[in-house]
Student: 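Take this structure, written in structure tokens, and hold onto it; I'll ask about it next.
Along the sequence shown, the residues carry numbers beginning at 1.
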Amino acid sequence: QRRDKLDVISVAFSGGKDSRVIYHLALEAGVKFEPHFSVTTVDPPELLRFIKREYPEVIWDRPAKTMWQLIEAHRIPPTRRMRYCCRELKEDKGEGRIVVTGIRWQESGARSKRGMVEGCTKGHKSYVHPIIDWSSDDVWQYHRERGLPHCELYDEGYHRIGCVLCPMNRNTERDIERWPRLAANYRRACEKAYQRRLERGDEMMWTSGEDMFNWWISNQRGNTDSDQLSMFA
């Protein structure tokens, strides 16, 4: 049975190395909390199996729309500068609560500017990032000292195990080969997005849905000018 929102901390659990640390830190601290996993519909199957097996108590928050539906609705797949996927699949969770995350300064330039405690007027929630100043070595040392389990994708050389074909991940060919069914779903979503653009008479730089998909997985999705992208949003 769920406790009152104001009485329980929400731990943002992704199954990755950083979120496992904050989960176990919360256990060690003895605070009342609920671990929440935001399902994106493009999570690696190996990760989903790992969470179900090792962390059955985690609450799965399912989105109102799948990634494929979002791509069709926005008429373009998410990019580095237009990450509507995070906003609509992850960041709308935890309303009215203190949300604890595994964000770290070392992860990116943008995150290096984040504070350990942050407010958020949207959803009336606050964020706490307890390991924001930890290095990756610190995170793995914590795992080793406590014998924590981890998803097998890390053993195969994956440094980040979030959404398949995430715009922040440039190793797209490896992901397409490993998860062909998810890649095929992305292709179909791009075709639907392209058709919606045709119906609306939108300006386009693609000749087909496949062309849109190939553009998206190329380095162009990280280097395309932001003004150009805004024209197609």
Side-chain angles (χ1 to χ4, degrees), residues 1-5 7-29 31-70 78 83-104 107 111 114 118 120 122-123 125-132 134 139-140 142-143 146 148-156 158-169 175 178-179 181-182 185-186:
Q1 183 177 359
R2 301 280 185 92
R3 301 184 181 94
D4 183 84
K5 281 187 175 183
D7 193 37
V8 184
I9 293 172
S10 181
V11 170
F13 187 87
S14 69
K17 65 183 189 302
D18 301 323
S19 74
R20 291 197 306 280
V21 168
I22 60 171
Y23 172 86
H24 286 277
L25 286 173
L27 287 177
E28 291 178 359
V31 299
K32 293 186 293 186
F33 74 96
E34 285 183 350
H36 285 261
F37 170 54
S38 294
V39 179
T40 67
T41 67
V42 288
D43 306 289
E46 296 87 348
L47 177 63
L48 300 180
R49 290 194 293 268
F50 169 76
I51 296 174
K52 288 180 179 179
R53 182 179 69 248
E54 301 292 343
Y55 296 90
E57 67 279 12
V58 168
I59 299 165
W60 290 42
D61 295 328
R62 301 187 183 279
K65 292 184 178 181
T66 67
M67 175 68 85
W68 329 121
Q69 291 170 323
L70 290 177
R83 294 171 64 189
Y84 59 77
C85 47
C86 292
R87 182 179 67 251
E88 299 189 42
L89 297 174
K90 295 182 179 180
E91 295 170 3
D92 63 343
K93 308 297 188 299
E95 180 178 356
R97 289 189 171 188
I98 296 174
V99 179
V100 179
T101 84
I103 285 176
R104 295 185 295 108
E107 293 179 291
R111 291 189 171 182
R114 304 285 294 269
E118 299 177 310
C120 178
K122 183 178 180 182
K125 56 189 170 183
S126 299
Y127 288 102
V128 178
H129 316 302
I131 62 170
I132 198 166
W134 286 31
V139 170
W140 285 117
Y142 183 93
H143 278 71
R146 288 157 178 79
L148 302 186
H150 61 267
C151 180
E152 66 266 29
L153 291 174
Y154 284 113
D155 297 327
E156 299 179 26
Y158 285 82
H159 300 293
R160 302 180 71 170
I161 56 173
C163 301
V164 173
L165 291 181
C166 172
M168 305 304 291
N169 174 21
D175 287 3
R178 185 182 184 99
W179 297 292
R181 182 174 298 179
L182 287 172
N185 286 339
Y186 273 115

Student: Once rounded to the nearest 0.5 Å, what's the spacing between atom CD of Glu34 and atom CD1 of Ile9?
Tutor: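 CD1 of Ile9 is found 11.0 Å from CD of Glu34.
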Student: Is any side-chain heavy atom of Val21 closer than 4.5 Å to a side-chain heavy atom of Trp134?
Tutor: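 Val21 reaches Trp134 side chain to side chain.
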Student: For residues Met67 and Cys85, report the shortest heavy-atom separation together with the two atoms involved.
Tutor: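 Closest heavy-atom pair between Met67 and Cys85: CE-CB, 3.7 Å.
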Student: Search all heavy atoms of Leu182 against all heavy atoms of Thr41 and return the closest pair with its distance.
Tutor: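 Looking at all heavy atoms of both residues, the shortest contact is CD2-O, 4.1 Å.
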Student: With under 30° as parallel and over 60° as perpendicular, where do the rings of His150 and Trp140 fit, or are they tilted in between?
Tutor: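 Geometry flag for Trp140 against His150: perpendicular rings.
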Student: Would you say the side chain of Trp179 lies within less than 4.5 Å of the side chain of Asn185, judging by non-hydrogen atoms?
Tutor: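 They are not in contact (no side-chain heavy atoms under 4.5 Å apart), so the answer is no.
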Student: Quick check for you: to the nearest 0.5 Å, what is the distance between Thr101 atom OG1 and Arg114 atom CZ?
Tutor: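 Going from the OG1 atom of Thr101 to the CZ atom of Arg114 covers 7.0 Å.
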Student: With Glu152, which residues qualify under side chain to side chain donor-acceptor pair (under 3.5 Å), at least two apart?
Tutor: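 For Glu152, no residue satisfies side chain to side chain donor-acceptor pair (under 3.5 Å) once neighbours in sequence are set aside.
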Student: Give, for atom CG of Leu148 and atom OH of Tyr142, the distance between the pair rounded to the nearest 0.5 Å.
Tutor: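 Result: 6.5 Å between the selected atoms.
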Student: Using ring pair (Phe, Tyr, Trp, His ring centres under 6.0 Å) as the criterion, list what pairs up with His24, not counting sequence neighbours.
Tutor: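 Applying ring pair (Phe, Tyr, Trp, His ring centres under 6.0 Å) to His24 gives Tyr55.
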Student: Less than 4.5 Å apart, any side-chain heavy atom of Glu88 and any of Pro63?
Tutor: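 Answer no - side chains too far apart.
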Student: Please list all pairs passing the salt bridge (charged side-chain N to carboxylate O under 4.0 Å, His left out) test where one or both residues lie in residues 48-60, with sequence neighbours left out.
Tutor: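 Qualifying pairs, neighbours excluded: none.
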Student: Which residues pass the side chain to side chain donor-acceptor pair (under 3.5 Å) test with Arg178, not counting sequence neighbours?
Tutor: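 Here the qualifying residues are Glu46, Glu156.
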Student: Taking all non-hydrogen atoms of both residues, which atom of Ser19 and which atom of Ser14 are closest, and how far apart?
Tutor: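 Looking at all heavy atoms of both residues, the closest pair is OG-N, 3.0 Å.
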Student: If I compare all heavy atoms of Pro78 with all of Pro167, which pair ends up nearest, and what's the gap?
Tutor: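 What the structure gives for the nearest pair is O-CG, 3.2 Å.
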Student: Could you list the residues that satisfy side-chain contact (heavy atoms from CB on, under 4.5 Å) with Pro130, not counting sequence neighbours?
Tutor: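 side-chain contact (heavy atoms from CB on, under 4.5 Å) list for Pro130, sorted by chain: Ile22, Val100, Val128.
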Student: Going by the rule side-chain contact (heavy atoms from CB on, under 4.5 Å), which residues pair with Arg160 if we only count those two or more places apart in sequence or in a different chain?
Tutor: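 So Arg160 forms a side-chain contact (heavy atoms from CB on, under 4.5 Å) with Met168.
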Student: Taking it one step at a time, do Phe13 and Ile59 satisfy side chain to side chain contact (heavy atoms under 4.5 Å, CB included)?
Tutor: CA-CA 9 Å; Phe13 187 87; Ile59 299 165; over 6 Å; no
Student: For residues 13-23, pull every pair meeting salt bridge (charged side-chain N to carboxylate O under 4.0 Å, His left out), keeping only residues two or more places apart or in separate chains.
Tutor: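 Counting only pairs at least two positions apart or across chains, the salt bridge (charged side-chain N to carboxylate O under 4.0 Å, His left out) contacts touching residues 13-23 are Asp18-Arg104.
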Student: When you measure from the side chain of Ser10 to the backbone of Val99, do you find a donor-acceptor pair of N or O atoms at a distance under 3.5 Å?
Tutor: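 Looks like no, no N/O pair under 3.5 Å.
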Student: Taking only residues two or more places apart in sequence or in another chain, which ones pass side chain to side chain donor-acceptor pair (under 3.5 Å) with Ser38?
Tutor: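 Per chain and number, Ser38 pairs via side chain to side chain donor-acceptor pair (under 3.5 Å) with no residue.
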Student: Applying side-chain contact (heavy atoms from CB on, under 4.5 Å), name anything that partners Thr40, two or more places apart in sequence or on another chain.
Tutor: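 Only Val42, Asp43, Leu89, Lys90, Cys163 meet the side-chain contact (heavy atoms from CB on, under 4.5 Å) criterion with Thr40.
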Student: Listed by chain and number, what are the side chain to side chain donor-acceptor pair (under 3.5 Å) partners of Tyr186, not counting sequence neighbours?
Tutor: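 If we apply the side chain to side chain donor-acceptor pair (under 3.5 Å) test to Tyr186, skipping adjacent residues, there are no hits.
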Student: Atom CD1 of Ile161 and atom CG of Leu153: how far apart are they, to the nearest 0.5 Å?
Tutor: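 Atom-to-atom, Ile161:CD1 and Leu153:CG are 5.5 Å apart.
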Student: Considering all heavy atoms of both residues, which atom of Gln69 and which atom of Lys65 are nearest to each other, and what is their separation?
Tutor: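 In this case the closest contact between Gln69 and Lys65 is OE1-CA, 3.2 Å.
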Student: Under the ring pair (Phe, Tyr, Trp, His ring centres under 6.0 Å) test, which residues partner Phe37, sequence neighbours left out?
Tutor: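 Counting only residues at least two positions away or on another chain, Phe37 forms a ring pair (Phe, Tyr, Trp, His ring centres under 6.0 Å) with Trp60.
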